[in-house]
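Indexing begins at 1, ligand by ligand and atom by atom, following the structure's order.
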Amino acid sequence: MTNSSTSNTPKKILLNAFDMNSVGHINHGLWTHPRDESHRFNELSYWTDLAQTLEKGLFDGLFIADITGVYDVYQNGIDLTLKESIQLPSHDPTTLVSAMAAVTQNLGFGITVNLSYESPYQFARRFASLDHLTQGRIGWNIVTGYLDSAERLIGQKGLKDHDLRYAQAEEFLELCYKFWEGSWENDAVLKDKKQRIFTDPSKVHQVQHQGQFYQSQGVFQVSPSSQRTPVLFQAGASPRGLTFATQHAEGLFIGGDRPEKIKQQVDQIRNQATAQGRNAEAVKIFVGITVVTAETDELAQQKLDEYIRYASPEAGLAHFSSSVGMDLSQFADNETIPYQQTNSIASVNNKFKEQSISKNDLKAQHVLGGRYPLIVGSGATVAEKLIQLMDDTGIDGFNLTRTVAPESHHDFIQWVIPQLQQRGRYKTAYENGSLRHKLFQQGDRLSASHPVQQFRCQSTASTSNSNLNQKQSA
Ligand SMILES: Cc1cc2nc3c(=O)[nH]c(=O)nc-3n(C[C@H](O)[C@H](O)[C@H](O)COP(=O)(O)O)c2cc1C
């Protein structure tokens, strides 16, 4: 079982559930469906049940989005955001993970944290602690934020310029690398009761950092976890975002409604990764997708028709307005929306540059309240379409949104997963090891060709692979 494209066997599909610690996430309005349980998002059992469901379906991970701030661009306020619960309320995603890890063994957790409002030290400590507790199942979705409302909440003057946010992200990451990989040698912890040496002092080193945004000096407080650096995910697709992502990220989350556009992005990502000295396949590329499935094509269509009655395309537009930083309520339904340079998600906003789009077009796209591509059909139909999209574009897998929760995940596991497995395109059991090892089959730690290498303490860098091998063969 491998996802390596160096073999001739077709790649197996990687799969994350895409969710958020909130009621409305992507497909807005479906919280009103009688069978939807997303209003229970503040109950731990809602999440522990979900984690167990996903593990039954052999999902690689649960990818948890997060936002700092509120969606107040549409109609210049938050009334609709509150009424439709468009990611408001939304709670801290990190708080969910220990509980879900306690009831699962293999499921990975990709947690979104906006670095703009974090101290690198506190953040690195929290994630290293979680990597210990989950035995190496943690990933970090690196975001820098795009909402003015967040800046006001945090007490800053206004959103930093788009490219400056990435410069800050570079330095934040560099300092995290120093904490995670440069302070403690692999064999620093001895736990030797007889000699009364828990940690060998000669193997713990001071981190020194004097940068443009951050300063730090001292030892990291957390001993090395299985992965040290969590699996790094990123979702920016602007030119600056791509340079950052192809240098650092191991998982890239891209939007994309047309296969040609997705393929173009995939080729660009792989070329840029290679130009940065990394293996083109060192970056796993995920596309966000929505699926409605049932026993037959006809029943799936009926289910979609039923869901549509509860969905809110307008709430979808309110979400979209904040993503692009432009109040879409100001345009008539059939008017072409002009491109305006904004400080928000450049890759989403570019849509208006590339195509002539009206609000009617957007509403049709948001038929289920969300902008992600929608696939409808029996398990076999959906499986064929997912495989086709993967083979046509060169992506590695999908971030699957929820529709009616948790029904849509149960449906996907019941109808689609067996069809993918029958076609040899989905695992039938988990690999052993950390999230990183499950994704790449190359051990728990980042490879020596990753930029992290220059921040590793000397003996850590030289012994990491041999320690890794011992660990895996143990
Ligand atoms: C598919 C996708 C998912 C994203 N998910 C989040 C998220 O959960 N939280 C967040 O703050 N930003 C999210 N973003 C925003 C990006 O992380 C990034 O900050 C933003 O796209 C700006 O970068 P860009 O202009 O390079 O695209 C997402 C972006 C995309 C394209």
Side-chain angles (χ1 to χ4, degrees), residues 16-22 24-27 61-71 73 86-88 90-94 109-118 139-151 153-154 159-170 172-173 232-249 251-257 261-262 265-266 268-269 272 284-290 319-320 322-326 341-353 370-373 395 397-402:
N16 295 315
F18 188 37
D19 214 316
M20 187 162 172
N21 195 355
S22 64
H25 174 211
I26 298 292
N27 295 308
L62 171 62
F63 194 103
I64 317 176
D66 189 40
I67 193 80
T68 308
V70 298
Y71 294 148
V73 175
I86 308 169
Q87 302 188 356
L88 180 65
S90 76
H91 298 184
D92 188 312
T94 319
F109 302 98
I111 313 165
T112 301
V113 174
N114 182 336
L115 61 88
S116 300
Y117 312 122
E118 291 277 342
W140 172 30
N141 179 30
I142 307 167
V143 305
T144 59
Y146 56 87
L147 295 179
D148 280 320
S149 61
E151 299 283 319
L153 280 164
I154 304 293
L159 200 55
K160 280 201 188 76
D161 178 65
H162 181 268
D163 287 7
L164 190 64
R165 300 205 292 270
Y166 278 111
Q168 182 172 356
E170 290 278 357
F172 188 102
L173 206 51
L232 301 172
F233 291 93
Q234 221 265 330
S238 61
R240 185 64 187 83
L242 264 184
T243 307
F244 176 85
T246 52
Q247 199 181 353
H248 298 281
L252 241 156
F253 180 23
I254 59 173
D257 34 19
K261 179 87 194 296
I262 295 173
Q265 290 182 74
V266 168
Q268 195 181 355
I269 290 163
Q272 272 189 243
K284 300 291 183 198
I285 304 174
F286 297 84
V287 162
I289 198 119
T290 297
H319 181 171
F320 199 89
S322 277
S323 299
V324 296
M326 177 172 34
Q341 167 109 38
T342 68
N343 206 9
S344 297
I345 308 185
S347 48
V348 181
N349 195 25
N350 282 347
K351 212 175 156 74
F352 298 115
K353 218 192 292 183
R371 65 173 179 263
Y372 286 52
I395 59 170
F398 299 94
N399 274 4
L400 180 71
T401 68
R402 59 172 154 90

Checklist entry - Heavy-atom contact under 4.0 Å between Asn114 and ligand 1? => result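 Under 4.0 Å: no for Asn114.
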Checklist entry - Protein heavy-atom contact under 4.0 Å for atom 5 (N) of ligand 1? => result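 It does not; no protein heavy atom is within 4.0 Å.
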Against heavy atoms of [X], which atoms of ligand 1 measure under 4.0 Å?
| X | answer |
| --- | --- |
| Gly241 | 26 (O) |
| Ala65 | 8 (O) |
| Phe253 | 1 (C), 3 (C) |
| Ser238 | 24 (P), 25 (O), 26 (O), 27 (O) |

Which residue and non-hydrogen atom of the protein lie closest to [atom], and at what distance in Å?
| atom | answer |
| --- | --- |
| atom 21 (O) of ligand 1 | Ile345 CG2, 3.0 Å |
| atom 7 (C) of ligand 1 | Asp66 O, 3.4 Å |
| atom 12 (N) of ligand 1 | Tyr146 CE2, 3.4 Å |
| atom 19 (O) of ligand 1 | Thr144 OG1, 3.7 Å |
| atom 17 (O) of ligand 1 | Val143 CG1, 3.2 Å |
| atom 25 (O) of ligand 1 | His162 NE2, 2.6 Å |
| atom 31 (C) of ligand 1 | Ala235 O, 3.3 Å |

Item to check | Nearest-0.5 Å distance that lies between atom CD in Glu151 and atom CG in Asp148 | outcome: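 Answer rounded to 0.5 Å: 7.0 Å.
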Checklist entry - How are the rings of Phe352 and Phe320 set relative to one another: parallel (under 30°), tilted (30 to 60°) or perpendicular (over 60°)? => result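 Ring orientation of Phe352 relative to Phe320: perpendicular.
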Checklist entry - Between Tyr372 and Phe18, what is the ring plane arrangement, given parallel below 30°, perpendicular above 60°, and tilted in between? => result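 Rings of Tyr372 and Phe18: tilted, as their planes differ by 30° to 60°.
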Next on the checklist: Between Asn399 and Phe286 (side chain of the first, backbone of the second, donor and acceptor by atom type, cut-off under 3.5 Å), is there such a pair?
Outcome noted: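 Absent.
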Next on the checklist: For Phe233 and Phe253, I'd like to know if the aromatic rings sit close, meaning centre-to-centre distance below 6.0 Å.
Outcome noted: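 No, ring centres 6.0 Å or more apart.
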Checklist entry - Looking at Lys351 and Asp257, does any basic side-chain N land under 4.0 Å from a carboxylate oxygen? => result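 A salt bridge links Lys351 with Asp257.
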Checklist entry - Side-chain donor-acceptor pair under 3.5 Å between Thr290 and Thr401, yes or no? => result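 Yes, because at least one side-chain N or O of Thr290 sits under 3.5 Å from a partner of the opposite role on Thr401.
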Item to check | Polar contact flag for Tyr166 and ligand 1 (N/O pairs, less than 3.5 Å) | outcome: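 Among all N and O atoms of Tyr166, at least one is under 3.5 Å from an N or O of ligand 1.
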Item to check | Derivation and outcome, side chain to side chain donor-acceptor pair (under 3.5 Å), residues Thr112 and Asn141 | outcome: CA-CA 4 Å; Thr112 301; Asn141 179 30; 2.9 Å; yes
Item to check | Shortest non-hydrogen separation from Gln265 to Gly255 and the atoms involved | outcome: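 Scanning both residues completely, I find the closest heavy atoms to be NE2-O, 3.3 Å.
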